[in-house]
S.K.: 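Below is the structure I would like to discuss, written out as structure tokens.
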Amino acid sequence: MSRKIQPEQTKANILAVSEKLFIEKGYEKTTTQEIVDLTGLSKGTVFHHFKTKEEILLGVLNQHMDTSIAEIEEWLAGMTGMTAREKLMRLFDEPDATPEEERETMLFRMAIMTQSPHIHMAEIKKSHHQLAPLIADLMREGIEDGSINTAFPDECAQLFMLFYAIWTDPMTLACTLAELEQRLRFIQHTMKVLGVDIVSERFMTDCMTFAENLLKEEN
């Protein structure tokens, strides 16, 4: 049993150390030797699990996404007495990080987007493939309970994820804050017309605040 668990523990240690270094020093300035030294493992062991530093970065991002999905599923399982529309709105409105954690996330994302744009796109694709089906299931639940009225739950979920991951990110698809506000209004209107009225004013305000802080960090 221990031999089966040990490789996963080793891999988790490499990812934890790497994430710490990526946040503190930046992805580009972190060397594989620093990762090896901080883990206390041999270089051969580290490269047995991850062939390149870029592969380690992808592992960190994938772990974040898997953890987020698990947390969302656990959160939804505990939500009782709410319609599916209320669950969706709570899901998107609920803050999930402290200001300092949010700043670290912004810096991390900026480094990925500028230094490894293809990794950033891989992250977006993974997010789309994992989150869209979960949102679509909630929309189907909403059709059943009468809180959502659409004939296209899968397509609406996919569209919302594309809006959220790409169109509302001023670094992925450049825009001014004024243009972003217009995009958010359009998203709110479009989803409402499609029978999925889940984009709240709070959600849009949070998106604007995050984008404003992101642009400040960039400058």
S.K.: Is there side-chain contact between M204 and E181, with at least one heavy-atom pair below 4.5 Å?
M.R.: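 No, too far: nothing below the 4.5 Å cut-off.
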S.K.: Return the CG to CE distance between L159 and M161, rounded to the nearest 0.5 Å.
M.R.: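 Between atom CG of L159 and atom CE of M161 there are 11.0 Å.
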S.K.: Quick check: closest heavy atoms across T172 and A165, and the distance to 0.1 Å?
M.R.: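 Here T172 and A165 meet closest at OG1-O, 4.2 Å.
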S.K.: Please name all residues satisfying salt bridge (Lys or Arg N to Asp or Glu O under 4.0 Å) with K25, sequence neighbours left out, ordered by chain then number.
M.R.: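 E34.
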S.K.: Restricting to salt bridge (Lys or Arg N to Asp or Glu O under 4.0 Å), what partner residues turn up for E73, sequence neighbours left out?
M.R.: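 In terms of salt bridge (Lys or Arg N to Asp or Glu O under 4.0 Å), with neighbours along the sequence ignored, E73 is linked to no residue.
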S.K.: Can you check whether E24's main-chain N or O pairs, donor with acceptor, with K29's side chain at less than 3.5 Å?
M.R.: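 Answer holds: no.
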S.K.: Which distance, rounded to the nearest 0.5 Å, do you find between the CD1 of I35 and the CD1 of I56?
M.R.: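 Atom-to-atom, I35:CD1 and I56:CD1 are 4.0 Å apart.
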S.K.: According to ring pair (Phe, Tyr, Trp, His ring centres under 6.0 Å), does anything in residues 162-201 pair up with another residue at least two apart or in another chain? List the pairs.
M.R.: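 Sorted pair list: F163-W167, Y164-F203, W167-F186.
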S.K.: Could you see if F152 belongs to whatever hydrophobic cluster contains I135? Use Ile, Leu, Val, Met, Phe, Trp, Tyr and a side-chain cutoff under 4.5 Å.
M.R.: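 In one cluster with F152: I135, no.
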S.K.: Salt bridge (Lys or Arg N to Asp or Glu O under 4.0 Å) with R85: which residues, sequence neighbours excluded?
M.R.: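 Counting only residues at least two positions away or on another chain, R85 forms a salt bridge (Lys or Arg N to Asp or Glu O under 4.0 Å) with D197.
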S.K.: Angle class for the F92/F160 ring planes (parallel below 30°, perpendicular above 60°, tilted otherwise)?
M.R.: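 Ring orientation, 0 to 90° scale: tilted.
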S.K.: Kindly write out the residues that satisfy side-chain contact (heavy atoms from CB on, under 4.5 Å) with E86, not counting sequence neighbours, or none if the list is empty.
M.R.: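 For E86, the residues satisfying side-chain contact (heavy atoms from CB on, under 4.5 Å) (neighbours in sequence not counted) are M82, T83.
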S.K.: Evaluate the salt bridge (charged side-chain N to carboxylate O under 4.0 Å, His left out) criterion for residues K126 and D66: first the C-alpha distance (whole Å), next the side-chain angles of each, then the deciding distance (0.1 Å), finally the verdict.
M.R.: CA-CA 10 Å; K126 183 176 177 66; D66 292 341; 3.6 Å; yes
S.K.: Got a second to check how far I148's CD1 is from I198's CD1, nearest 0.5 Å?
M.R.: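 Rounded to the nearest 0.5 Å, the CD1-CD1 separation comes out at 6.5 Å.
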S.K.: With a 4.5 Å limit on heavy-atom distance, are the side chains of V46 and T32 in contact?
M.R.: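 V46 does not reach T32 side chain to side chain.
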S.K.: According to the ring pair (Phe, Tyr, Trp, His ring centres under 6.0 Å) rule, which pairs have a member within residues 30-58, sequence neighbours left out?
M.R.: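 Qualifying pairs, neighbours excluded: none.
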S.K.: Write down the atom of T39, the atom of V36, and the distance for their closest heavy-atom approach.
M.R.: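 The answer is OG1-O, 2.8 Å.
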S.K.: Heavy atoms only: give me the nearest A136-P153 pair and the separation to one decimal.
M.R.: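 Taking A136 first and P153 second, the nearest heavy atoms are CB-O, 3.8 Å.
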S.K.: Taking N13 for the side chain and Q9 for the main chain, is one N or O donor matched with an acceptor at less than 3.5 Å?
M.R.: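 Not a single qualifying donor-acceptor pair exists.
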S.K.: Does some side-chain heavy atom of R183 sit less than 4.5 Å from a side-chain heavy atom of L173?
M.R.: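 L173 vs R183: side chains touch.
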S.K.: Can you list the residues that meet the side chain to side chain donor-acceptor pair (under 3.5 Å) rule with Q33, with sequence neighbours excluded?
M.R.: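 Expected list: D37, K43.
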S.K.: Nearest 0.5 Å, what's the CG-CG distance between L91 and L134?
M.R.: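 So the gap between those two atoms works out to 7.5 Å.
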S.K.: Check whether any side-chain heavy atom of L15 sits under 4.5 Å from a side-chain heavy atom of E19, and report yes or no.
M.R.: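 In short, these two side chains do not touch, never coming nearer than 4.5 Å.
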S.K.: For the backbone of H64 and the side chain of S68, can you confirm whether one donor and one acceptor N or O come within less than 3.5 Å of each other?
M.R.: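 Here the side-chain-to-backbone pair exists.
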S.K.: Name all residues meeting the side chain to side chain donor-acceptor pair (under 3.5 Å) criterion together with S200; count only those two or more places apart in sequence or in a different chain, and write none if there are none.
M.R.: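 Expected list: D93.
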S.K.: Are side-chain heavy atoms of L184 and Q188 found at a separation under 4.5 Å?
M.R.: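 A side-chain contact is absent here, since even the closest heavy-atom pair is not under 4.5 Å.
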S.K.: Can any side-chain N or O of T150 pair as donor or acceptor with the backbone N or O of L194 at less than 3.5 Å?
M.R.: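 Yes; at least one donor-acceptor contact below 3.5 Å.
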S.K.: Quick check: do M121 and I124 have side-chain heavy atoms less than 4.5 Å from each other?
M.R.: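 Yes, close enough: below the 4.5 Å cut-off.
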S.K.: With a 6.0 Å cut-off (strictly less than), is the heavy-atom count around CD of Q182, excluding the residue itself, greater than 12?
M.R.: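 It does not: Q182 CD has 12 such atoms or fewer within range.
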S.K.: Considering only distance and modelled atom types, tabulate donor-acceptor pairs under 3.5 Å from the side chains of residues 139-146, sequence neighbours left out.
M.R.:
from	atom 1	to	atom 2	distance (Å)
R140	NH1	D154	OD1	3.3
R140	NH1	D154	OD2	2.9
R140	NH2	D137	OD1	2.9
R140	NH2	D154	OD1	3.4
E141	OE2	K87	NZ	2.8
D145	OD1	S147	N	2.8
D145	OD1	S147	OG	2.6
D145	OD2	A84	N	2.9

S.K.: Please say yes or no: joined through hydrophobic side-chain contacts below 4.5 Å, possibly via intermediate residues, are M79 and I69 part of one cluster?
M.R.: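 Yes, M79 connects to I69 through the hydrophobic network.
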S.K.: Would you compute the distance between atom CD of E55 and atom CG of L57 and round it to the nearest 0.5 angstrom?
M.R.: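 One gets 11.0 Å once the value is rounded to the nearest 0.5 Å.
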S.K.: With a 4.5 Å heavy-atom cut-off, do L138 and L76 have their side chains touching?
M.R.: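 In contact.
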S.K.: Mind checking side chain to side chain donor-acceptor pair (under 3.5 Å) for S42 and listing every partner two or more places apart, or none if nothing turns up?
M.R.: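 S42 satisfies side chain to side chain donor-acceptor pair (under 3.5 Å) with T45 only.
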S.K.: Drop me the distance from C175's SG to D169's CG, to the nearest 0.5 angstrom.
M.R.: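 If I round to the nearest 0.5 Å, the distance is 8.5 Å.
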S.K.: Quick one: side chain to side chain donor-acceptor pair (under 3.5 Å) partners of K192, sequence neighbours excluded?
M.R.: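 Counting only residues at least two positions away or on another chain, K192 forms no side chain to side chain donor-acceptor pair (under 3.5 Å).
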S.K.: List for me each residue that meets salt bridge (Lys or Arg N to Asp or Glu O under 4.0 Å) alongside K11, sequence neighbours excluded, and say none if there are none.
M.R.: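 Listed in chain order: nothing, the list is empty.
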